[in-house]
Amino acid sequence: MEALLATLFTTPIVPAAVAGVIWGVLGGALPGISPSITMALLLPFTYGMDPSAAVVLLGSTYYGAEYGGSIPAILIRTPGTNSAAATLLDGYAMNQQGRAGEALGISLFSGVVGGIVGLMMLVLLTKPLSQVALAFQPSSYFALGMLGLSVIASLSGDSLIKGLMAGVMGLMVASIGTDPVTGMNRFTFDSPELLSGIPPILVMVGLYAVAELMTKSGESQWAKADRAQARVVFPSPSMWRRIAPAQLIGSIVGLIEGVTPGAGGTVASFLAYNEARRWSSRKEEFGHGSPEGIAAPEAANTATSKTALIPMLSLGIPGSNSAAVLLGGFLIQGLIPGPMLFVQHGEVVTDLYLGLAVSVFALIPVGYLIMPPCIWLVNRPQPYLMAFIFALVLSGVYAIENSLFQVGLTLAFGAVGFAMRYLRMPVLPMVLGVVLGFMVESNFRRALVLSDGDVTVFLSDPISAGLLIVAAGFLISALVRHWKDGRSHTAREAHP
């Protein structure tokens, strides 16, 4: 205990956690600025930071943004994040009844409950899952990378083909630079800036932040918030007793959905809302200002912000956009999430746990104090706000290596991301391809070199064989689901 307290008060973990929560709530409160974009805006500024402080800052931002999305959902009927859309249903109804402060209080404390449960599961489950790390060989790492790429099938949304195309585009970007085995230059076009490849951070900032700003620039202004209603009210004891079951349901759903690749906070919040309604004795109030209709989705999406880190930390597989950005933050610091992280940098993982715990409890005072700045931001003219964020992104990217070439690359990936949104292509498969491409290629070739070209090494290694079987299971289940969805769609068209 003394060592933990010493770590808290002698390292920049506490200020990083508090700053992350504040930034996350502000970003989440802005309609359209998702948690992943809020985190991506910070990425360039984490380059020179202490590794522990950097990952705590990003992790706390993720948590704060998931809560922040509920503020505009309740006050102006515009969810700040996708996962806050379920909160809108009853939150805005309570606002119309003159109970906005009560709704904001339920949202805040349900977010804290979900954060505590999610953090407990993160601490309990991540380390055991990583214990198999010590037996990993190059063939195992290759299979682990393939397992990560197989998730693309479940992240592809309505079109599996578009998801696979995005994944291939990511692998193509990952192949740029110096060959990891022979040292030959590949696809560098004699440009010295491309010899070391394209940093994933530029891809993420371009695809998430720049592309989203381009998209938002063509949309109309959002509604204005009423300052008089922006006041958090602490739930009464009777209200606590009423919303506790919904918070428990939301936390459990958030736990399950967080460790499921591709699910994310949006799916979790709507599932939690549905389950809370199913088990409630006041079903008729849902949609008309039910406190349980706020408590369940808010507990679910904040729990997901913690449990989504379990597969990312233990296996190096990001299951959501926000987890992918946090993975980028680890890579910037030279930390490789996955099996060996707990062996080589266990102190950073411990610091991350401590920082996330600080962020959970910091959300309470931040939630009370940050409402006026949130209302001020929401009421600014959208074009000015977007221009400011755009300038922040470009200045951050330039500050990484004082390179205009990297600024140009970021803008180019922003244009790619904008085109992908226009074509309704998912972005995360491309990010997965960029992040996992080098890992898959280098370990595949290393395993073949060590086995004298014997490809059966991937099946004779039990860890590799097990991971490849799981990857095949993910792929088959996703294909079956897409096939069933396609048949249902055809049937609806034939018999409308």
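Quantities reported herein were computed from a predicted structural model and do not represent experimental measurements.
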- Step-by-step side chain to side chain contact (heavy atoms under 4.5 Å, CB included) determination, Leu309 to Leu356: CA-CA 11 Å; Leu309 306 186; Leu356 292 179; 3.9 Å; yes
| query | Can Glu298 and Thr87 be said to form a side chain to side chain donor-acceptor pair (under 3.5 Å), step by step? | reply | CA-CA 7 Å; Glu298 282 304 303; Thr87 307; 2.6 Å; yes
Of the non-hydrogen atoms in [X] and [Y], which two are nearest, and what is the gap between them?
X      : Y      : answer
Gly163 : Pro429 : O-CB, 3.5 Å
Leu335 : Pro51  : CD1-CB, 4.3 Å
Ala272 : Ile249 : O-CG2, 4.2 Å

Do [X] and [Y] touch side chain to side chain, with heavy atoms closer than 4.5 Å?
X      : Y      : result
Met430 : Met420 : yes
Val449 : Arg446 : no
Tyr62  : Leu326 : no
Val253 : Tyr273 : no
Leu411 : Leu394 : yes
Leu313 : Leu352 : yes
Lys306 : Val360 : yes
Thr61  : Val21  : no

Between [atom1] of [X] and [atom2] of [Y], what distance do you get to the nearest 0.5 Å?
X      : Y      : atom1 : atom2 : answer
Met172 : Ile198 : CE    : CD1   : 11.0 Å
Leu57  : Met39  : CG    : CE    : 9.0 Å
Thr302 : Leu119 : OG1   : CG    : 11.5 Å
Phe45  : Ile332 : CZ    : CD1   : 11.5 Å
Gln406 : Leu202 : CD    : CG    : 4.5 Å
Leu194 : Ile176 : CG    : CD1   : 6.5 Å

*Take Ile116 and Met121 through the test side chain to side chain contact (heavy atoms under 4.5 Å, CB included) and record every step on the way to the result.*
CA-CA 9 Å; Ile116 292 173; Met121 294 300 104; over 6 Å; no
Is there a donor-acceptor contact under 3.5 Å from the side chain of [X] to the main chain of [Y]?
X      : Y      : answer
Asp50  : Ala53  : yes
Arg421 : Thr215 : no
Thr350 : Gly346 : yes
Asn443 : Met439 : yes
Thr178 : Leu195 : yes
Lys162 : Leu423 : yes

Any side-chain donor-acceptor pair under 3.5 Å between Asn301 and Ser269?
->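 Note: Asn301 and Ser269 side chains miss the donor-acceptor criterion.
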Check your understanding: Do the ring planes of Phe142 and Phe444 sit parallel (below 30°), tilted (30 to 60°) or perpendicular (above 60°)?
Key ->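 Phe142 vs Phe444 ring planes: tilted.
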Item to complete: Check the pair Tyr67, Val366 against side chain to side chain contact (heavy atoms under 4.5 Å, CB included), reporting the backbone distance first and the verdict last.
Response: CA-CA 11 Å; Tyr67 161 71; Val366 169; over 6 Å; no
Just wondering, are more than 12 heavy atoms of other shown residues or ligands nearer than 6.0 Å to [atom1] in [X]?
X      : atom1 : result
Met169 : CE    : yes
Phe405 : CZ    : yes
Met49  : CE    : yes

For this session: Evaluate the criterion side chain to side chain donor-acceptor pair (under 3.5 Å) for residue pair Ser191 and Glu193; output intermediate values, then yes/no.
Result: CA-CA 5 Å; Ser191 171; Glu193 289 90 350; 2.9 Å; yes
Taking side-chain contact (heavy atoms from CB on, under 4.5 Å) as the criterion, tell me which of Val434, Val203, Val210 meets it with Phe413.
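By the side-chain contact (heavy atoms from CB on, under 4.5 Å) criterion, Phe413 pairs with just one of Val434, Val203, Val210: Val203.
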Determine whether Ser175 and Phe187 satisfy the following criterion, side chain to side chain contact (heavy atoms under 4.5 Å, CB included), listing intermediate values before the conclusion.
CA-CA 8 Å; Ser175 68; Phe187 313 115; 3.6 Å; yes
